[in-house]
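The structure under discussion appears below in the form of structure tokens.
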Amino acid sequence: MLWIAKRIGVSLVLMWVVATVVFLALHMVPGDPAELLLSTGGAMPDAYAIAELREKLGLNRPIWEQYLAFLEGLSRGDLGNSLVDDYPVAEEILLRLPRTLELILAGTILSVLIALPAGTFAAVRAGGAFDRAASWIAALLQAVPVFVLGTLLILLLAQTLRWMPAGGYVPLAQDPARHLLLLSLPAIAIAKGLTATVFRMTRASVLDALSRDHVRTARAKGLTPRRVLTRHVVRNALIPVTTVLGLQMGTLLGGTVLVEYVFNWPGLSTPLLRAVEGRDYPMVVGIVLTVSALFLLINLAMDLLYAALDPRISRS
Amino acid sequence: MRRLYLPGLAVLFICLVAAAAPLLPMPDPIRQDVANRLAAWLPGSPLGRDEFGRDVLSRLIWGARSSLMVAFIASAIAAVVGTALGLLGGWFRGVAEFLAIRGADVVLCFPPVLLALLVVTLLGPGTATLILVLSVLYLPGFIRVSFAEVLSARNQDYVEAVRALGAPTMRILLRTVLPNIAGPVLVQFSLAVAAAVVLESGLSFLGLGVVPPTPSWGLMIRGARSTMEQAPMLLVWPCVALTFTILAMNILCDAVRDIADKRGGGGAKRLRLVDRLLPGLFPPPASPAPLLDVQGLTVEIAVPGGVIKPVEDVSFSLSAGRTLAIVGESGSGKSMAATAIMGLLPPAARAADGVARFEGEDLLRMPEAQRRRLRGGAMAMVFQDPMSSLNPVHRIGDQVAEAIRAHRDVTAEAARREAVDLLKRVGIADPERRARAYPHELSGGMRQRVMIAMAIANKPRLLIADEPTTALDVTVQAAILELLAVLRREEGMGVVLITHSLGVVAEVAEDVVVMYAAQVVERGPVAEVFARPLHPYTRALLAAVPDGDAEPEGIPGVVPRPDQWPPGCRFAPRCAHATEACNAAPPALEGQGDRAVRCIRWREIAP
Ligand code: SF4
């Protein structure tokens with residue numbers, strides 16, 4: 001229990017570090033952010049407007065005061081207002097986050113469902129036809145950038161064969177069947193990298209577990225091959241796989257930005273990209289912090305899962 | 001090394017073409033020609049024109065140039081800065097270490113694309129921003145690799161010595177550490193370049209990377225999306241170019257990493273476990289049938305240079321209720337023989353010849369399903385290292401219960417209760433509570449008791465114990481041997497005890513088989529063999545009996561490797577009595593009543 005408390009504490013500290021780094025980055029940019037903001041387009045900014053914006057952003061106050069105000073806002077869940085339309089950033093995120101989460105969840109479930117059995121089977125029949133074919137497919141999947149896969153899926157399934165809509169979004173409550181149909185392509189695209197990595201990791205991990213002494217013991221007990229595999233090989237092989245899963249989620253979270261863009265999925269990507277182009281600092285900062293927090297949270301969950309799977313960790 | 005060629009050539013080709021782009025006779029990649037927009041083919045434009053009438057092939061090649069340039073420059077910066085930070089952190093420790101390592105951790109807290117977008121927001125899109133972002137993103141890998149190397153180098157004696165001589169820090173770092181980290185840094189570098197190409201194309205695709213009109217694969221895909229309907233190939237070309245480049249780079253990375261790791265062994269070929277022989281090749285055993293009768297057992301392993309035989313023509317037999325010891329140094333093949341009998345050989349090895357009759361049935365040639373029902377049931381095995389032989393993630397009670405339920409149709413609850421009884425039987429105090437413990441929570445001796453409980457769970461008639469006490473403390477060894485002896489008496493099991501300790505043999509066994517370099521060299525009742533050893537090797541072993549259960553010392557030399565056996569008597573290089581004749585031909589195993597010996601001079605030299 002103490003271990004879990006410590007691990008959660010570490011996550012909180014990391015979150016604070018992330019927030020601080022983002023804050024510092026904002027204030028280390030050469031030039032005055034207010035001036036930079038207003039001068040997009042090459043027009044000479046009006047001195048009065050700059051002063052007003054500085055006042056609004058609190059740039060006139062000492063930096064530590066701004067920092068404290070920033071942290072205090074964060075702790076209340078207040079991420080400030082958009083510079084473009086003055087809409088509260090937190091509300092925009094709350095509206096969009098569930099859609100992004102749905103995509104992440106669907107992609108993760110899909111890749112685990114494919115990669116774990118495939119990786120196990122490839123390891124058990126190492127060197128066989130399935131192993132070779134699957135390893136090549138995994139290498140190919142790893143090489144296709146996520147937005148390329150998404151674009152090609154649209155070109156093939158939507159444009160050429162006309163089996164699928166090219167993208168879009170319908171709320172689940174409104175039309176569940178169409179909602180899932182629209183979810184499927186982006187979920188496949190999102191799942192591709194994770195599937196390849198989890199496949200390779202599972203394969204290596206199962207191969208390693210197969211050579212362990214305790215597997216020989218299990219066989220010496222006269223267990224059926226199936227039971228040896230599930231209880232003594234796969235169960236143990238899952239442990240290292242969880243760690244990779246956590247780290248790999250960073251790539252997956254970044255991938256959602258591209259995939260949502262490709263498929264017109266109205267998650268966090270749309271406001272993020274709009275804000276990056278329009279230099280809407282509060283919006284960018286809010287979304288970056290949210291997704292980073294999500295990343296840290298997933299890694300925390302993976303570590304806890306790791307501990308649950310491996311009694312040697314949780315008990316010492 | 002051969003694995004490097006193909007992907008290496010592909011990557012080299014891409015790099016060369018990209019580098020030579022200005023020299024190639026191609027149209028200007030940014031010159032627009034609206035009249036020919038989306039043309040599928042034009043003279044001089046084999047891949048056609050894009051939505052502004054620009055030449056596609058030319059843009060592909062120039063796109064490779066900008067992608068690779070960004071990726072290489074960013075990775076090089078990351079490599080130099082990261083390695084330097086890692087070196088300094090590892091050398092000075094303290095504050096430098098904190099800054100380098102924690103700094104790397106901070107970067108790893110952000111999903112890469114998000115960090116990149118944050119920086120693009122602050123600095124605006126463009127090539128310079130891209131290079132900055134990418135080099136920051138790949139810093140941590142270099143920091144970690146070089147940091148770890150410095151730490152291990154610091155502890156080496158020669159580095160300490162150079163330091164003590166007062167050599168300047170910088171020189172030590174450069175001279176001793178840099179050459180060592182070249183390999184891992186190169187691996188990191190190739191990984192970083194491949195990842196950078198992916199990220200660059202992604203950002204350009206979003207319109208936040210390379211700024212138009214500079215050609216870039218990401219931008220080309222972005223542009224071709226809107227004209228997908230009229231000109232699908234416009235989309236396909238950059239997708240293929242990008243994927244192919246990354247695939248080649250990834251494969252190259254894997255190959256480089258394997259070579260840097262120096263452990264890229266492909267593993268031996270899988271062989272079928274049982275080679276069917278004509279049945280009845282060997283005469284049926286004399287009655288009363290022994291419990292276990294092994295005749296001519298030979299195990300083969302296919303290795304790159306041919307076939308080795310770690311067990312060759314091994315014969316012995318065991319009656320119910322007796323204990324037979326197999327002794328020999330490591331490398332003699334005694335454990336391999338036991339695993340072959342149990343049908344637990346590793347995939348690369350196979351029982352090539354001989355028979356092993358268990359209660360009259362040949363274990364080597366029976367179907368695996370039938371053998372599986374015997375394993376853990378009528379015949380059981382205890383292994384050398386109880387830590388690695390127990391599954392670390394399951395409670396020991398469950399592991400014992402599992403052995404019960406593998407052979408008998410009992411409820412989970414009944415099996416659990418029986419497991420607790422078994423644990424009590426093998427002398428584990430407080431078995432109820434211990435049944436819920438995990439292997440790492442028990443002592444070595446206790447774990448071996450668990451292994452024994454598991455082995456006797458289904459009242460086996462044959463128990464094979466492979467060095468059951470070797471991994472244990474001297475104080476625990478006697479207790480485990482005592483336990484085995486008691487169980488054997490009570491259950492009437494036949495026991496095969498594999499050991500390198502003649503002390504153990506004298507204590508518990510009635511018969512002994514001495515093995516050397518895959519062969520039986522002497523066999524007989526323990527009392528007689530100990531009183532009058534016939535083979536020089538047995539005599540040397542007896543003379544060298546150490547205190548406790550350590551490897552016998554005092555016989556000069558080691559057991560030769562299976563691929564380097566002497567042509568004649570395999571013991572000849574270490575034998576005090578060796579003559580010319582010994583090296584001429586391999587001696588046969590000669591029987592003498594219930595004893596046997598493999599030495600041409602045993603009559604002359606026996607006392
Ligand atoms: S055959 Fe010769 S070398 Fe071999 S053990 Fe006998 S005496 Fe020694």
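Side chains included, hydrogens not; waters and symmetry mates left out as well; all remaining heavy atoms used. Below, chain A is the first sequence line, B the second, and so on; all start at residue 1. Source: prediction; values computed, not measured.
- Only the backbone of B:Leu390 comes within less than 4.5 Å of a heavy atom of chain A; no side-chain atom from C-beta onward does.
- Classification of B:Arg436 and B:Asp398 as a salt-bridged pair fails, no side-chain N sitting under 4.0 Å from a carboxylate O.
- Of the atoms belonging to A:Leu223, heavy atoms from both backbone and side chain fall under 4.5 Å from chain B.
- If you take OG on A:Ser11 and CG on A:Leu296, they are separated by 6.0 Å, rounding to the nearest 0.5 Å.
- At a 4.5 Å heavy-atom cutoff, the contact between B:Arg225 and chain A is made by side-chain atoms alone.
- For the options B:Phe244, B:Trp217, B:Phe110, heavy-atom pairs under 4.5 Å to chain A are most numerous at B:Phe110.
- No part of A:Leu210 comes within reach of chain B, as not one of its non-hydrogen atoms sits under 4.5 angstrom from that chain.
- Per-residue counts of heavy-atom pairs under 4.5 Å with chain A were compared for B:Leu374, B:Leu115, B:Ile246; the largest is that of B:Ile246.
- Side-chain contact, A:Glu260 with A:Thr100: a donor N or O sits under 3.5 Å from an acceptor N or O.
- Between the side chain of B:Arg371 and the main chain of B:Met342, no donor-acceptor pair closer than 3.5 Å is present.
- When heavy atoms are compared at a cutoff of 4.5 Å, A:Thr224 approaches chain B by way of both its backbone and its side chain.
- Between chain B and the residues A:Leu14, A:Leu289, A:Val291, the most heavy-atom pairs under 4.5 angstrom are made by A:Val291.
- Without hydrogens or angle criteria, B:Gln399 side chain to B:His394 main chain gives a donor-acceptor distance under 3.5 Å.
- Heavy atoms of A:Val17 lying under 4.5 Å from chain B belong exclusively to its side chain.
- The two atoms that bring B:Met381 and B:Ala338 nearest to each other are CE-CB, 4.2 Å, heavy atoms only.
- Contacts of A:Leu152 with chain B are made by side-chain atoms alone, with heavy-atom separations under 4.5 Å and no backbone atom involved.
- Looking at B:Asn458, there are no atoms closer than 4.5 Å to chain A (heavy atoms on both sides), in backbone or side chain.
- Residue contact with chain A, scored on non-hydrogen atoms closer than 4.5 Å, involves the side chain of B:Met451 exclusively.
- Ranked by heavy-atom pairs under 4.5 Å with chain A, the first of B:Ala406, B:Pro111, B:Pro460 is B:Pro111.
- Chain A forms more heavy-atom pairs under 4.5 Å with one residue of B:Asn391, B:Thr243, B:Leu242, B:Leu108 than with any other, namely B:Asn391.
- Salt bridge B:Arg405/B:Glu402: absent, no basic N to carboxylate O contact under 4.0 Å.
- Annotation: residues 195-203 of chain B contacts chain A through B:Val198, B:Ser201, B:Gly202 [non-hydrogen atoms, separation under 4.5 Å].
- Between the side chains of A:Arg212 and A:Asn236, no donor-acceptor pair is found at a separation under 3.5 Å.
- The backbone N or O of B:Leu442 lies less than 3.5 Å from a partner atom in the side chain of B:Arg447, making a donor-acceptor pair.
- Per-residue heavy-atom pair counts under 4.5 Å with chain B were compared for A:Leu309, A:Leu253, A:Val284, A:Asn299, and the maximum is reached by A:Val284.
- Most heavy-atom pairs under 4.5 Å with chain A: of the set B:Pro392, B:Ala248, B:Gly207, B:Ala403, this distinction falls to B:Pro392.
- Here the closest heavy-atom approach between residue B:Arg222 and residue B:Phe205 is recorded as NH1-O, 2.9 Å.
- For chain B, the nearby parts of A:Val276 are the backbone and the side chain; heavy atoms of each come within less than 4.5 Å.
- Chain B forms more heavy-atom pairs under 4.5 Å with one residue of A:Gln142, A:Arg227, A:Met249 than with any other, namely A:Arg227.
- Looking at A:Arg203 and A:Asp208, no side-chain N of the basic residue comes within less than 4.0 Å of a carboxylate O on the acidic one, giving no salt bridge.
- Heavy-atom distances place both the backbone and the side chain of B:Leu118 under 4.5 Å from chain A.
- Side-chain N or O atoms of B:His407 include one that pairs as donor or acceptor with a backbone N or O of B:Arg373 at under 3.5 Å.
- Across B:Ser389, B:Pro112, B:Gly376, B:Cys239, the residue that shares the most heavy-atom pairs under 4.5 angstrom with chain A is B:Ser389.
- Residue contact with chain A, scored on non-hydrogen atoms closer than 4.5 Å, is absent for B:Thr245.
- For chain A, the nearby part of B:Asn250 is the side chain; its heavy atoms alone come within less than 4.5 Å.
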